[in-house]
Amino acid sequence: MSADAEYIYKEALARIEKADAEGLRGAEVEYLGRKGKLTQLLRTLGELPAAKRAPAGKRLNEIKVELEDAVAARKTQLGGEDSVGWVDMTEPPPAKFRQPIGHIHPVSQVLEDIENVFLSMGFEIIDGPEVETDWYNFEALNIPPQHPARDMQDTFYLEGGQVLRTHTSPMQIRYATDHKPPIRIIAPGKVYRSENEDASHSWSFHQVEGLVVDTDTTLTDLHGTLLAMMRGTLGDKTEVRLRPSFFPYTEPSVEMDATCPRCGGSGCVVCAGTGWLEMGGAGMVHPRVLRNVGLDPEKYQGFAFGFGPERIAMIKYDITDVRDFWRPRISFLEQF
Ligand code: DAH
């Protein structure tokens with residue numbers, strides 16, 4: 001049977017490729033018609049032993065499709081009813097010719113929103129290394145060796161005493177060490193923690209650091225800046241509140257909450273009924289940090305903040321597992 005099939009295939013192809021319009025109609029009936037040779041072979045499939053049935057059926061169907069394509073191609077060549085006299089270049093191509101077009105990752109979308117807000121307020125966006133020295137990642141930020149504050153961040157230590165940065169805060173030091181105030185920067189980028197992964201922890205994620213230093217900077221300026229940022233990402237109705245907290249590099253230190261965009265602050269499952277969502281840390285730059293970068297704390301004050309775009313993306317797009325951001329699963333990422 002398979003020999004028959006291959007023979008019929010070659011014979012039909014040769015006929016079709018050379019046929020004139022009338023010959024083509026004849027060939028189509030003879031091979032592909034209701035009583036055609038190929039159709040008859042397909043009907044005998046049932047007589048084959050079970051093990052041979054599937055491969056033979058598959059091959060016969062392939063042949064059928066190829067012959068149908070050959071008939072269509074020859075019709076076009078002959079200028080028959082299916083010929084293409086002109087092409088509409090504005091028409092979307094058939095699915096099989098369509099190229100998949102990528103789109104922007106949800107975390108990158110949130111980062112773009114954040115960057116646009118800060119660009120509109122005159123901030124500069126800076127980039128920095130993910131492999132850091134102990135000085136930039138810890139000591140200059142007033143976190144001495146052996147200090148318990150180091151326990152706040154589980155760290156990947158590298159050979160030679162360097163670390164994978166655990167936060168973007170070292171960018172405050174890097175920038176302020178060789179720029180004079182007024183300073184207005186944000187530093188987005190990847191950070192690393194030696195964490196076990198689960199739905200809300202990942203060994204790598206993004207942060208956006210912010211630093212403002214000037215001669216008359218206040219906590220109110222910090223509040224206004226954070227409010228603009230949260231409204232730019234979570235919507236115009238968002239409110240921000242600051243709660244006392246502790247970070248070694250700020251004094252006073254605060255934790256920033258934003259009103260839950262799902263319920264507008266009345267309380268729902270997303271915000272565990274509180275109406276508020278914890279968004280990041282902030283505070284007025286510690287005088288010792290100013291001195292570490294060569295600035296006089298009597299003359300300059302500043303504020304700093306740090307938060308995670310993954311968290312904003314999770315809230316905004318209703319994503320419940322951070323690991324989904326890193327998995328190469330197009331079907332998931334395509335939704336946003
Ligand atoms: N570095 C902190 C963290 O990773 C976030 C942070 C808190 C950044 C307070 C700041 C700040 O600049 O002032 O959790």
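Note that ligands are numbered from 1 as they come in the structure, with each ligand's atoms numbered from 1 the same way. When a residue number appears, it is its place in the shown sequence, counting from 1. Worth knowing before you read on, the calculation uses all heavy atoms, side chains too, and leaves out hydrogens, waters and symmetry mates. As the structure is a prediction and not an experimental result, all values here were calculated from the model.
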> Between Glu239 and Arg231, does a side-chain contact (heavy atoms from CB on, under 4.5 Å) hold up when you go through it step by step?
Replying inline: CA-CA 8 Å; Glu239 295 296 340; Arg231 288 187 174 172; 3.0 Å; yes

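- Distances below 4.0 Å separate heavy atoms of Ala304 from the following atoms of ligand 1: 12 (O), 13 (O).
- Between the Ser194 side chain and the Thr155 main chain, no donor and acceptor come within less than 3.5 Å of each other.
- Taking only nitrogen or oxygen atoms, main chain and side chain alike, Gln207 reaches within less than 3.5 Å of ligand 1.
- Paired with His167 under the rule side chain to side chain donor-acceptor pair (under 3.5 Å), one option of Gln153, Glu132, Gln207 passes, and it is Gln153.
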>> Checking Phe307 against His206 for the side-chain contact (heavy atoms from CB on, under 4.5 Å) test, could you report, in this order, the C-alpha distance in whole Å, the side-chain angles of both residues, the deciding distance, and whether it holds?
In response: CA-CA 8 Å; Phe307 56 88; His206 293 79; over 6 Å; no

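- With a 4.0 Å heavy-atom cut-off, ligand 1 is reached by the side chain of Arg193 but not by its N, CA, C or O.
- Heavy atoms of Gln153 approach ligand 1 to within less than 4.0 angstrom.
- Every atom of ligand 1 with a heavy atom of Gln172 under 4.0 Å away is listed here by number and element: 12 (O).
- A donor-acceptor contact shorter than 3.5 Å links the side chain of Ser204 to the backbone of Val191.
- Contact check on Arg262 versus Asp318 returns a salt bridge, with a Lys/Arg side-chain nitrogen under 4.0 Å from an Asp/Glu carboxylate oxygen.
- Atom 2 (C) of ligand 1 has Tyr249 OH, 3.1 Å as its closest protein atom, hydrogens excluded (heavy atom only).
- Proximity to Ser169 (heavy-atom distance under 4.0 Å) selects the following atoms of ligand 1: 1 (N), 8 (C).
- Among the atoms of Phe247, none of the N or O lies under 3.5 angstrom from an N or O of ligand 1.
- For Asp20, the CG atom is densely surrounded, since the number of other residues' heavy atoms within 6.0 Å is greater than 12.
- Ring centers of Tyr249 and Tyr136: at least 6.0 Å apart, outside the cut-off.
- Atom 12 (O) of ligand 1 has as its closest protein heavy atom Glu209 OE2, 2.6 Å.
- The distance criterion of under 3.5 Å between nitrogen or oxygen atoms is not met by Gly281 with respect to ligand 1.
- Listed by number with element, the atoms of ligand 1 under 4.0 Å from a non-hydrogen atom of Gly283 are 13 (O).
- The proximity of Ala282 to ligand 1, defined as any non-hydrogen pair under 4.0 Å, is limited to the backbone.
- A salt bridge between Arg59 and Glu6 is present, with a side-chain N of the basic residue lying under 4.0 Å from a carboxylate O of the acidic one.
- Considering backbone and side-chain atoms alike, Thr250 places every N or O at 3.5 Å or more from each N or O of ligand 1.
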